[in-house]
Amino acid sequence: MKKWFKRSLGLVCLTPLLLSQQASAEGRLTVYCTVQNALCEKVTTLFGEKYNVKTEFVHGGTETIFGKIKAEKDNPQADFWYGGTIEPHFQAGELGLLEAYRSPKQAEILPQFKSLMEQKGEFTSVAYMLVLGFGVNTQKLAQLGLPTPKTWEDLLKPEYKGEIQLPDPRASGTTYTIMATLIQLLGEEKAFDYLKKLNENVSQYVKSNLVTANLSRGESAVSVGFVHAYATEKEKGAPVETVIPEGKTGYALGGASIIKGARNLDNAKLFMDFVLSKEVQEIPWREFGLYQIPTNANAQASPKSVDPKTLQLLDFDFVKFGSKDEGKRLINKWLAEIKLAK
């Protein structure tokens with residue numbers, strides 16, 4: 001599996017024979033992948049080798065992939081959606097875009113997520129956990145003479161104007177998680193008042209893969225996102241530190257789903273079992289220095305990952321914020337009242 005090339009959505013692992021609408025489904029699998037590109041490559045390659053399945057992937061942000069699946073509803077071009085925050089997965093299930101499948105590996109999920117899977121696990125399984133926090137470039141803060149922000153309110157201080165970057169929620173699930181977290185902490189009206197004030201300090205809303213890279217380069221001093229990414233950048237030598245804001249901590253779950261109309265349904269079910277396994281859930285930190293938290297109760301988390309047991313986690317309402325109507329409403333509201341507001 002050494003033949004790789006780029007598409008507009010990201011790197012694609014493609015076998016020499018291109019997938020066509022008439023191609024035989026036997027022995028193939030196409031994955032839309034929203035975890036880190038290197039991990040997409042590793043997991044699909046391992047699966048292909050283990051099961052003798054010609055496996056390819058297309059990489060993209062959560063909302064970008066969600067939009068692609070919606071656009072391809074009548075002619076699906078992939079079999080599986082791996083990664084990305086779980087709310088869009090739940091929304092896709094409501095829209096009839098996913099194939100029902102309860103993997104036997106759901107029985108191995110961490111106890112705190114069993115109830116969620118009993119309620120919402122018919123179409124989507126939880127594949128990993130991400131903790132929400134701030135990333136700061138300590139070198140840039142020192143140059144600017146700015147303190148490290150410790151609370152959500154700190155980000156509204158005028159001295160941070162133009163020094164914060166966030167991902168665009170139309171392409172990334174991260175800012176949707178930020179919105180959902182603030183709504184649950186403050187209530188919707190106060191949360192949107194907060195986001196409007198925060199917008200005054202945001203230099204730009206960029207693609208999710210650029211937020212942490214820009215922070216590491218010093219193009220921003222502060223970002224808000226999932227803290228495993230900041231730990232990875234620090235390990236690479238970037239002057240990046242993680243801050244867990246005071247109070248209750250927001251978090252996200254990563255989803256895994258089979259796309260409705262999958263041409264390779266049996267292989268897609270096999271891939272679901274594969275990505276929910278202990279062995280695969282340990283690959284990110286053991287091989288790539290990626291510190292997302294496994295949700296298989298038998299999997300070991302990296303010592304460098306944030307330990308959720310040490311945090312006061314928000315009682316996150318994944319059912320409410322995983323609703324297709326709620327998701328559409330909140331993103332449209334953010335667009336109208338913040339991004340496009342005069």
Side-chain angles (χ1 to χ4, degrees), residues 9 31-35 58-103 106 109 113 115-130 132 167-184 188 191-192 195 205 207-208 226 250-262 268 272 275-276 295 314-336 339:
L9 280 177
V31 178
Y32 283 160
C33 196
T34 318
V35 296
V58 177
H59 186 266
T62 304
E63 290 296 334
T64 301
I65 292 296
F66 186 20
K68 191 167 176 59
I69 292 171
K70 286 189 282 189
E72 295 169 355
K73 179 179 180 180
D74 297 327
N75 185 23
Q77 298 298 299
D79 307 296
F80 201 95
W81 183 9
Y82 175 40
T85 50
I86 206 165
E87 293 91 342
H89 284 260
F90 288 159
Q91 293 161 21
E94 278 190 54
L95 290 168
L97 301 174
L98 303 179
E99 192 77 39
Y101 177 61
R102 283 189 181 272
S103 168
Q106 280 190 3
I109 196 170
F113 303 128
S115 176
L116 179 64
M117 284 294 89
E118 288 170 2
Q119 186 174 359
K120 299 286 288 183
E122 182 180 4
F123 297 101
T124 296
S125 292
V126 174
Y128 52 86
M129 178 181 178
L130 306 170
L132 190 68
D168 191 319
R170 293 170 295 176
S172 166
T174 305
T175 300
Y176 185 74
T177 299
I178 295 169
M179 284 194 287
T181 295
L182 291 169
I183 289 169
Q184 290 171 98
E188 185 171 325
F192 270 84
L195 289 168
Y205 298 91
K207 292 181 179 180
S208 57
F226 299 123
Y251 68 98
L253 298 173
S257 306
I258 298 174
I259 297 170
K260 185 76 172 179
M272 177 74 84
V275 298
L276 298 184
T295 49
L314 189 67
D315 186 14
F316 209 101
D317 191 344
F318 289 101
V319 175
K320 174 183 177 180
F321 292 99
S323 158
K324 62 180 176 61
D325 293 334
E326 188 72 351
K328 182 178 181 180
R329 182 183 73 83
L330 289 175
I331 289 177
N332 286 342
K333 184 174 181 177
W334 176 87
L335 189 63
K339 179 68 174 178

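Given the structure is predicted, the values throughout are model-derived calculations rather than measurements.
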Measuring from [X]:[atom1] to [Y]:[atom2], what's the distance to the nearest 0.5 Å?
X: Ile258; Y: Leu97; atom1: CD1; atom2: CG; result: 14.0 Å
X: Phe192; Y: Lys333; atom1: CZ; atom2: NZ; result: 5.0 Å
X: Leu314; Y: Leu132; atom1: CG; atom2: CG; result: 10.0 Å
X: Glu99; Y: Ile259; atom1: CD; atom2: CD1; result: 10.5 Å
X: Glu63; Y: Ser172; atom1: CD; atom2: OG; result: 8.0 Å
X: His89; Y: Leu98; atom1: NE2; atom2: CG; result: 8.0 Å

Nearest atoms (heavy-atom pairs only) where [X] meets [Y]:
X: Gln106; Y: Gly121; answer: NE2-O, 2.9 Å
X: Arg170; Y: Leu335; answer: NH1-CD1, 3.5 Å
X: Glu94; Y: Lys120; answer: OE2-NZ, 4.3 Å
X: Thr85; Y: Ala252; answer: CG2-CB, 3.8 Å
X: Gly84; Y: Tyr128; answer: N-OH, 2.9 Å
X: Phe90; Y: Gly322; answer: CB-O, 3.4 Å

Just so I know, are the side chains of [X] and [Y] near enough to count as touching, which here means a heavy-atom distance under 4.5 Å?
X: Thr62; Y: Tyr176; value: no
X: Tyr82; Y: Val275; value: yes
X: Leu253; Y: Leu116; value: yes
X: Leu95; Y: Lys324; value: yes
X: Val126; Y: Ile86; value: yes
X: Gln119; Y: Val319; value: yes
X: Met272; Y: Ser125; value: yes
X: Leu330; Y: Trp334; value: no

Donor-acceptor pair, distance only, cut-off 3.5 Å: does the side chain of [X] make one with the backbone of [Y]?
X: Gln77; Y: Glu72; answer: no
X: Tyr101; Y: Ser257; answer: no
X: Gln184; Y: Ala180; answer: yes

Given side-chain contact (heavy atoms from CB on, under 4.5 Å), test Phe226 with Thr177 step by step and report yes or no.
CA-CA 10 Å; Phe226 299 123; Thr177 299; 3.8 Å; yes
Test side-chain contact (heavy atoms from CB on, under 4.5 Å) applied to Leu182 and Leu195, step by step
CA-CA 9 Å; Leu182 291 169; Leu195 289 168; 3.8 Å; yes
Stepwise side-chain contact (heavy atoms from CB on, under 4.5 Å) check, Thr124 with Trp81:
CA-CA 10 Å; Thr124 296; Trp81 183 9; over 6 Å; no
A cation-pi test, strictly: NZ or CZ of Lys70 under 6.0 Å from the centre of the six-membered ring of Phe66 and no more than 45 degrees from its axis. Yes or no?
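That pair qualifies as a cation-pi contact.
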Would Glu87 and Glu326 count as a side-chain contact (heavy atoms from CB on, under 4.5 Å) if you check the C-alpha gap in whole Å, the side-chain angles of each, and the deciding distance to 0.1 Å?
CA-CA 10 Å; Glu87 293 91 342; Glu326 188 72 351; over 6 Å; no
State yes or no: are the ring centers of Phe318 and Tyr251 separated by less than 6.0 Å?
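Centroid separation for Phe318 and Tyr251: below 6.0 Å.
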Does Lys73 NZ have over 12 foreign heavy atoms under 6.0 Å away?
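No, the 6.0 Å shell around NZ holds no more than 12 heavy atoms from other groups.
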